[in-house]
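One structure is given below, encoded as structure tokens.
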Amino acid sequence: MNTWLKYGGLLLTLGAVACVDPDDKPSNVHDLRVLGIAVERPELMAPTCELTAEALEVLTNEVSYRALVVDPKGEGRSIAYTLWACADPEDTLCENTAERVQLAQGTMTPGELVVPIRPGASVLSDGTLLLDKVRQADPYEGFGGLRMPLVLNLTAGSEAIYAQKLMVFSCPLVPGMAPNQQPELQGLRLEGQPWAEEALPELTGQGPFVITAEDVSALEEAYVVPGFRREAVSLKEAWSISWHASLGEIPDEETGGADFNGEPGRHRVEWEPPEKDGVAQEVTFWAVARDGRGGSTWLIRKARWSP
């Protein structure tokens, strides 16, 4: 039996490497950053765990890579990007040239970077399929799914950052397994009122101002993963949301997830404007949701604030 993907499963990491001030607040966005990365589809699940032409066809499908790139003080400057796929999740910069493949390269301005890629079809210079190298680098040989690092390098002026996402490849090892679906936030509220994408509500004073996400509990998927004895284990998502603003601070930088008892957290935060030297201006807010299985999405809202 030629079993290549031994186990199906899921995992996501998102990281960035850059020089930051020790007092930097993740919720306060003032420099070049990647706030979120999504792959449409977040998981490629082969129809079988055997290495067949049908399985390879699914695993080598084209997907859309999306990165939320922000650069508040860059004044719309050009940003150079290179997107790599590599074999070792510990290689957060994809520095091993023998085990990486360039997927895309170009320039962009701040906003969403969207490029079509086929990471599962990537072939190394020696003719080896990169996905097979990913399997070899995994100490569990695919237990929990194969996770291919996609590393984005951005440079603008003197700034250079890296952001890594793990692309999930899997197969249905146990009954009930299905590929992950992308999460979708249903909307945000500001001070209890619906906050439309095109709106520019007025905020005055020191607040704090309450921001909440519309209830997503009905959208959090139930899913099945293989247990250590290859039994079906049923789980349920608990989405997390990271919160960011171009001014001020959001002390609870991440909400949601689940506690030790499995109870999901609430998606409610308070935005605090600067205590001094604040001037009236338009403020951008970002809410980036992750389902804990490789899926991610975001919403962007704006408001006008004056002291």
Residue among E253, E254, R290 satisfying side chain to side chain donor-acceptor pair (under 3.5 Å) with S242: R290
- prompt: Between F285 and W271, does the ring centre distance come in under 6.0 Å?
  reply: yes
task: Check the side chains of W239 and E237 for a donor-acceptor pair under 3.5 angstrom, ignoring hydrogens and angles.
output: yes
query: Any side-chain heavy atom of V151 within less than 4.5 Å of one from T92?
result: no
- prompt: Does the side chain of T284 pick up a donor-acceptor pair with the side chain of K302 at under 3.5 Å?
  reply: yes
- prompt: Which atom pair, heavy atoms only, marks the closest approach of A156 to L32?
  reply: CB-CD2, 4.2 Å
query: Under 4.0 Å between a Lys/Arg side-chain N and an Asp/Glu carboxylate O for E112 and R66?
result: yes
query: Is a side-chain donor-acceptor pair under 3.5 Å present for D88 with N96?
result: no
query: Is it true that the side chains of S170 and E43 contain a donor and an acceptor less than 3.5 Å apart?
result: yes
query: Centre of W286's six-membered ring, under 6.0 Å away, within 45 degrees of the axis: is that where NZ or CZ of R33 sits?
result: no
message: Whether R100 engages the ring of W84 as a cation-pi pair (distance to the six-membered ring centre under 6.0 angstrom, angle to the ring normal within 45°) should be assessed.
response: yes
task: Would you kindly say whether H244 and S27 are connected by a side-chain donor-acceptor distance under 3.5 Å?
output: no
field: W243-T255 side chain donor-acceptor pair, cut-off 3.5 Å
entry: yes
query: In terms of side-chain geometry, is the basic nitrogen of D71 or R77 positioned less than 4.0 Å from the acidic oxygen of its partner?
result: yes
field: Salt-bridge present (R189, E214; N to O < 4.0 Å)
entry: yes
field: Donor-acceptor under 3.5 Å (R118 side chain, T60 main chain)
entry: yes
field: Separation between CE of M148 and SG of C86, rounded to the nearest 0.5 Å
entry: 9.0 Å
message: Quick test of your reading of the model: are R135 and D138 salt-bridged, counting only N-O distances below 4.0 Å?
response: no
